[in-house]
Amino acid sequence: FAMIALALTLVWFVTIGMAGHKVLRTRLGGPVLDRFAFYFLLGLALNGIALFTLGVAGITLAAGAFVAVFTVALLIVVAKSKRVATARGPRYPLVPTIILFLPFIAIAADAMWVPLRDYDGRGFWVLKAKAIAHEERIDGPFFLGQTSVNLHSEYPLLMPLNAATVMKIVGDADDRRIRWIYLLAALALCLVVRAQIRDHFGALAGAWCAAVLPWLPQISTELEGGAMSAFSDIPLAAFIAAAFATVLRRAEGWERLTGIWLAGLVLLKSEGTMIASVIAVIAMVLEMRSAEHRRIRSLVPVVVPPLVAAVLLAIWRLRIPFEHGKDYGRLIQDLPSRWPGFFDAAGALLRHASEWNRWGAFWIVVLIAAAITLIWRRRAESVAAVALAAGILFPYIVAYTVTDWNLTVLAGTSANRLLTHLLGPAMFIIAAMGWKPTKSEAVSRAGVEDTDRDKPRLADVGACKLVTCSSTKS
């Protein structure tokens with residue numbers, strides 16, 4: 001039964017992601033696994049966005065609603081199915097590829113047989129998914145606090161909606177059935193990072209950098225936010241990496257795809273709105289620096305979807321009693337008086353980043369790489385990666401500064417999970433330190449689908465843009 005749940009999870013979200021890819025008219029190149037990683041994550045985003053929109057509109061989320069979303073996606077895939085030529089570029093080396101996949105064998109064995117054991121996953125995220133599957137609403141008795149205490153009631157529902165989808169399609173609310181979502185999200189994170197680094201620094205760099213990620217204890221073995229938990233931190237990290245890769249690749253339709261990633265971030269976690277804002281600003285800066293695209297209107301598809309998602313989230317939250325959370329909108333007003341505690345908060349994050357049993361020397365290497373990148377290897381992409389990491393980290397430190405919780409306790413329960421969000425840009429920074437992109441490599445790696453034989457090859461157009469972006473000095 002576990003393998004059936006795995007197959008259904010893969011088919012469901014990959015199909016929806018492929019449909020979204022076709023509707024958005026975006027371009028993806030590279031090996032099949034890399035493209036399927038993007039499809040899977042895009043399927044998570046679109047499925048969750050669609051169901052949340054239906055829920056806010058008051059439509060009952062019965063089995064028919066879930067099936068309708070999938071059926072529409074399947075019809076789009078079939079209707080728009082065409083034979084395309086995809087430039088694949090150099091293959092990944094075998095040894096780092098094996099190293100990348102080995103930890104997931106053990107994680108898959110755990111997911112197949114062992115129920116969830118993480119407190120937040122079972123107590124918050126999965127409990128919301130079970131309530132949606134049972135009540136078929138996102139504002140039913142559970143969310144109103146009428147049947148039980150809905151802790152962290154303000155948490156966005158994209159991942160609970162995806163988990164409820166799996167529960168509905170397999171007909172079983174056992175939390176082992178939904179564990180595949182989180183395992184596959186962790187694998188997709190690694191593959192997206194691999195593909196992004198491959199685009200800019202070559203297949204060898206992408207393979208070895210991505211191979212590091214699943215061997216970090218925080219990812220592979222930790223029950224507080226790792227791949228064996230039902231926290232939403234790894235899916236958030238995967239969305240950040242996918243959005244950042246899309247912005248840097250700048251292939252056809254990147255604006256539309258970026259907008260979907262940002263809307264997904266808004267509906268995935270509470271901090272997703274802040275992260276989406278940071279990525280949107282980076283996208284605007286890179287777009288305006290391009291000599292070919294100094295057009296504000298081209299950024300409309302980037303900004304509108306996350307704004308709509310934020311409005312929908314606000315409407316839903318007005319219907320839900322606030323339970324067990326922190327009103328950081330109010331606490332931030334105390335920042336001027338609490339500002340001296342900023343360095344204590346930063347130190348708390350740094351102490352957890354240096355925990356050898358969870359991270360090894362990873363974040364030490366990232367800090368060194370960031371310094372080298374900014375001093376000697378300043379390129380638009382690498383500076384953007386440092387800016388993204390800093391733009392995410394700074395608000396977290398501010399949140400630690402203004403909170404009225406005990407800083408030691410709060411950092412002990414959240415710091416390592418927050419650091420997980422930085423994995424995509426952090427690994428890009430490491431790659432920028434160790435490898436230099438060359439023009440010939442950029443041309444060979446800029447593979448995109450060519451669906452119109454009457455137009456110039458899109459691979460050549462994408463390559464030219466990538467080379468121009470890569471060679472621009474910041």
Side-chain angles (χ1 to χ4, degrees), residues 34 37-38 40-45 48 100 103-104 107 118 120-121 125 155-156 158-159 162 181-197 206 209-248 258 260-279 282 349 352-353 358-359 362-363 366 384-386 388-393 395-396 414-431:
D34 289 357
F38 277 96
F40 178 77
L41 293 175
L42 186 58
L44 290 180
L100 167 64
F104 287 103
I107 299 172
D118 58 292
D120 277 22
W125 298 103
Y155 278 6
L158 187 138
M159 289 308 294
N162 288 325
I181 297 178
Y182 300 93
L183 183 152
L184 292 171
L187 177 58
L189 167 63
C190 297
L191 296 179
V192 165
V193 168
R194 184 176 73 164
Q196 182 188 28
I197 294 175
C209 287
V212 171
L213 289 178
W215 289 92
L216 295 172
Q218 175 62 30
I219 305 302
S220 59
T221 62
E222 182 55 47
L223 292 180
E224 296 293 319
M228 293 194 294
S229 74
F231 284 74
S232 293
D233 296 284
I234 286 182
L236 185 74
F239 276 35
I240 293 170
F244 187 52
T246 302
V247 169
L248 292 192
T258 301
I260 296 300
W261 292 129
L262 300 189
L265 284 170
V266 170
L267 297 179
L268 207 159
K269 289 201 73 181
S270 297
E271 54 266 40
T273 301
M274 176 272 298
I275 297 171
S277 302
V278 173
I279 296 175
I282 291 174
L349 268 175
H352 286 280
R358 294 203 186 198
W359 296 107
F362 179 78
W363 291 110
V366 172
V386 175
L388 176 56
I392 296 173
L393 196 59
Y396 289 165
S414 64
N416 290 295
R417 294 189 292 104
L418 296 180
L419 290 169
T420 300
H421 304 167
L422 307 177
L423 286 176
M427 195 55 75
F428 191 92
I429 294 168
I430 292 176

Please test I240 against L422 for side-chain contact (heavy atoms from CB on, under 4.5 Å), starting from the C-alpha separation and ending with a verdict. CA-CA 8 Å; I240 293 170; L422 307 177; over 6 Å; no

Under the side-chain contact (heavy atoms from CB on, under 4.5 Å) criterion, do D34 and V192 qualify, and how do the steps go? CA-CA 6 Å; D34 289 357; V192 165; over 6 Å; no

Take F239 and L41, measure what side-chain contact (heavy atoms from CB on, under 4.5 Å) needs, and give me the verdict at the end. CA-CA 7 Å; F239 276 35; L41 293 175; 4.2 Å; yes

Go through the steps to decide whether Y396 and H421 satisfy the test side-chain contact (heavy atoms from CB on, under 4.5 Å), and finish with yes or no. CA-CA 11 Å; Y396 289 165; H421 304 167; 2.7 Å; yes

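Two residues are said to be in side-chain contact when any heavy atoms from C-beta on lie closer than 4.5 Å; I181 and M159 meet this criterion. With contacts defined as side-chain heavy-atom distances shorter than 4.5 Å, the pair P217/E222 does not qualify. Looking at heavy atoms from C-beta onward, T420 lies in side-chain contact with I234 at the 4.5 angstrom threshold. A heavy-atom distance below 4.5 Å is found between the side chains of L248 and F428. Between T273 and L265, the closest side-chain pair of non-hydrogen atoms is not below 4.5 Å. Within the 4.5 Å cutoff, the side chain of M427 has heavy atoms near those of the L213 side chain. Inter-residue side-chain proximity for I275 and L262 is flagged as unmet; no heavy-atom pair is nearer than 4.5 Å. Considering only heavy atoms from C-beta on, V266 stays 4.5 Å or farther from L158 through its side chain.
Taking the ring pair (Phe, Tyr, Trp, His ring centres under 6.0 Å) definition, one finds that F362 meets it with nothing, sequence neighbours left out.
Here the NE2-CG distance, from H352 to N416, works out to 6.5 Å after rounding to the nearest 0.5 Å. Between the OH atom in Y182 and the CG atom in D118 there is a gap of 9.0 Å [rounded to 0.5 Å]. L419 contributes atom CG, which lies 9.0 Å from atom OG of S414 (distance to the nearest 0.5 angstrom).
For the pair L191 and A37, the tightest heavy-atom approach, listed with the atom from each and the gap, is CB-CB, 3.6 Å. In terms of heavy-atom proximity, L423 sits nearest to W359 at CD2-CZ3, 4.0 Å. The two residues A384 and I282 make their nearest non-hydrogen contact at O-CD1, 3.8 Å. Here the closest heavy-atom approach between residue L189 and residue A237 is recorded as CD1-O, 3.7 Å. The minimum heavy-atom distance linking A210 with C190 is given by the pair CB-O, 3.5 Å. Contact detail for A431 and I197: the closest heavy-atom pair is CB-CG2, 3.7 Å.
Screening residues 416-429 for salt bridge (charged side-chain N to carboxylate O under 4.0 Å, His left out) gives D233-R417 as the qualifying pairs, with residues at least two apart or on separate chains.
Under the 6.0 Å cut-off for aromatic ring centres, W125 and F231 do not qualify, their centroids lying 6.0 Å or more apart.
Using modelled atom types, one finds a donor on one side chain and an acceptor on the other under 3.5 Å when comparing T246 with W261.
Q218 places a side-chain N or O within 3.5 Å of a backbone atom of E224 that can act as its donor or acceptor partner.
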